[in-house]
Amino acid sequence: MIETERFQKTALGGAEQRCIDPACGARFGLNERLYVCPSCGGLLDVVLKAANDTDPRTLRAVWTSRLASFDPHDRSGVWRYRELLPFAGDTPIVTLAEGNTPLYDAPVSAAYCELDGLTLKHQGCNPTGSFKDTGMTTAVTQALILRARTVVCASTGNTAASLAAYAARAHLQCAILVPRGQISHNKLAQSLDYGAAVLELDGNFDDAMRVIRELAEDESIYLVNSINPFRIEGQKTVAAELLQQRDWRVPDHVVVPGGNLGNSSALGKGFKELKDLGLIDRLPRLSVVQAEGAAPFASLFGSESDVLTPIEHPQTLATAIKIGAPVSWQKALRAVLESGGTALSVSEQEMADAKAVIGREGIGCEPASATTVAGLKQLVASGVIRSDEDVVAVLTGHILKDTDYAIKYHQEELYTHDRTSGKTKEERRLTGTYSNPPARVKATKAAIVEGLRRHEQEHSGEA
Ligand code: F0G
């Protein structure tokens, strides 16, 4: 039975939008084009209402059976779990077969963190190379339901690339706002190729976010940043996919990078709903790792305050998470506290080295993703995580998302941006602890054999 008329019918039962502020709790239908609560300005959640006869065993069995199906609704690692989504079962969807990302054993990274074992959920293996696709499939599907003409976002690069691709699939006009000169070339190349209107803004991501929210007041324009609850809905399904891949064994810890804090909010929501539905009996502890120069959420955790203080000039070479005023901090805070997790920050050097270690695993990721392994190393060293605990780190973007960074690290030409610190350029240079620069050789067999020998010698005893 559905509680009220406002709960619109979905595959599982019903759903509505609701203000996350318990003091307000205003409720809205799914087809109301909202980003924040019109009553109090709070963030909005989609709230699911399962039908009374929902059986967790049946859900697991249905999701398993769909793994053998070629129907696009089943092939998608998001829509496969459509019982968790706020859409009617027969909704026409915009999909690129997103999700379905691998869960890798990572012994090299585990040893680096002094863990007995570690698995990496590689969301960079999505169609456009980042986790954003899992939320974009639902957000752009909702854009079509709302009959939007134009979809827009502010972005540090990945949301933009993902939106550009899904908008192209849906034949929607797409405008993306990016901070000029502050996103990786690889991500920019994607958005250009997918045909989006790329608008480069003088300012940082937080400025872009502010402007785009003003733009989205226009009825024909639909904003798909993670402030949009339909983005979060798609992104939360990674919790179900991860647990299904683990035969529903709940990890002790799940660690994610934090920028605008949509991903941590989504994962937390996903685990919580699976627990409420009886598919799991406890929550994994969810921890968020930020880059030291862009860590307002980690600072909140270290303080007495319960309100996040934005950072005006965030700085990090991990441009994906160069964010000072994360929009979804309240949702992320709720998720982290409820699960008993924490938030912390890592230095540029720690992040760069962790990225190279993950690389030695044969698994490439972009710098922001490597905050997870760098953060885990700290959490194990400080005793927050025991070495025998069961840990999953979420890698959010692919190595090919930021090739400049990777090449510069290996050539020891990465410099931090903290020019105001009074440090010399040399002092700002990151050490290539695990660097692996290319060697120039003559076109002779002897020179190549010698090059190989030298490479072996230089890297013996490394991770
Ligand atoms: N990792 C990568 C690779 C990202 O691109 C982002 C965010 C994050 C982590 C942080 O996730 O914002 O949900 O906390 N990128 C956004 C963008 C901001 O515009 O592409 P979050």
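Note that the coordinates shown come from a computational prediction; the quantities given were computed from them, not determined experimentally. Ligands are counted one by one from 1 in listed order, and the atoms in each one are counted from 1 as well. We count residues from 1, following the sequence as given.
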| query | Does a side-chain heavy-atom distance below 4.5 Å link Ile176 with Val152? | reply | no
| field | For atom 4 (C) of ligand 1, the protein heavy atom that lies nearest, with its residue and separation | value | Ala320 CB, 3.5 Å
| field | Atoms in ligand 1 with a heavy atom of Ser155 nearer than 4.0 Å | value | 17 (C), 19 (O), 20 (O)
| Looking at side-chain heavy atoms only, is the closest gap between Val46 and Lys269 below 4.5 Å? | yes
| Taking the side chain as C-beta and beyond, is there a heavy-atom pair between Ser191 and Val198 under 4.5 Å? | yes
| request: May I ask you to check if ligand 1 and Asn263 share an N or O to N or O distance below 3.5 Å? | output: yes
| Under a heavy-atom criterion of less than 4.0 Å, does Ser226 contact ligand 1? | no
| field | For Phe297, all residues meeting ring-ring contact (aromatic ring centres under 6.0 Å, His included), sequence neighbours excluded | value | Phe301
| message | Do the side chains of Lys272 and Asp276 get close enough for a salt bridge, i.e. N-O under 4.0 angstrom? | response | yes
| message | Tell me whether Gly259 has any N or O atom under 3.5 angstrom from an N or O of ligand 1. | response | yes
| query | Mind checking whether His398 and His122 have parallel, tilted or perpendicular rings, split at 30° and 60°? | reply | parallel
| said: In the structure I gave you, are the side-chain heavy atoms of Gln378 and Leu344 within less than 4.5 Å of one another anywhere? | reply: yes
| note | Here the atoms of ligand 1 under 4.0 Å from any heavy atom belonging to Gly262 are 13 (O), 14 (O), 21 (P)
| said: Less than 3.5 Å apart, any donor N or O on the side chain of Gln245 or Lys121 sitting next to an acceptor on the other? | reply: yes
| More than 12 heavy atoms of other groups within 6.0 Å of Gln411 CD | yes
| Subset of ligand 1 atoms that lie under 4.0 Å from at least one heavy atom of Asn158 | 2 (C), 3 (C), 4 (C), 5 (O), 20 (O)
| query | For atom 2 (C) of ligand 1, what's the nearest protein heavy atom and its distance? | reply | Thr396 OG1, 3.4 Å
| request: Distance to 0.1 Å, residue and atom name: give those for the protein heavy atom nearest to atom 11 (O) of ligand 1. | output: Phe131 CZ, 3.4 Å
| request: Please confirm whether Gly397 comes within less than 3.5 Å of ligand 1 when only nitrogen or oxygen atoms on both sides are compared. | output: no
| Taking distance alone, with no angle check, do Thr156 and ligand 1 share an N/O pair under 3.5 Å? | yes
| Which atoms of ligand 1 are found less than 4.0 Å from any heavy atom of Ile321? | 8 (C), 9 (C), 10 (C)
| query | Under a 4.5 Å cut-off applied to non-hydrogen side-chain atoms, are Asn436 and Arg360 in contact? | reply | yes
| query | Looking at residues at least two apart in the chain, or sitting in another chain, which of them share a side chain to side chain donor-acceptor pair (under 3.5 Å) with Thr309? | reply | none
| field | Close-contact set for ligand 1 against Thr159 heavy atoms, below 4.0 Å | value | 16 (C), 17 (C), 19 (O), 20 (O)
| Closer than 4.0 angstrom: is that true for some heavy atom of Ile323 and an atom of ligand 1? | yes
| request: Any atoms of ligand 1 less than 4.0 Å from a non-hydrogen atom of Ala368? List them with their elements. | output: 1 (N)
| Which protein non-hydrogen atom lies closest to atom 16 (C) of ligand 1, naming both residue and atom, and how far is it? | Lys132 NZ, 2.8 Å
| query | Which of the atoms in ligand 1, numbered in the order shown and given with their element, are less than 4.0 Å from a heavy-atom of Asn260? | reply | 12 (O), 14 (O), 21 (P)
| said: Out of all atoms in ligand 1, which are within 4.0 Å of some heavy atom of Glu366? Include the element for each. | reply: 3 (C)
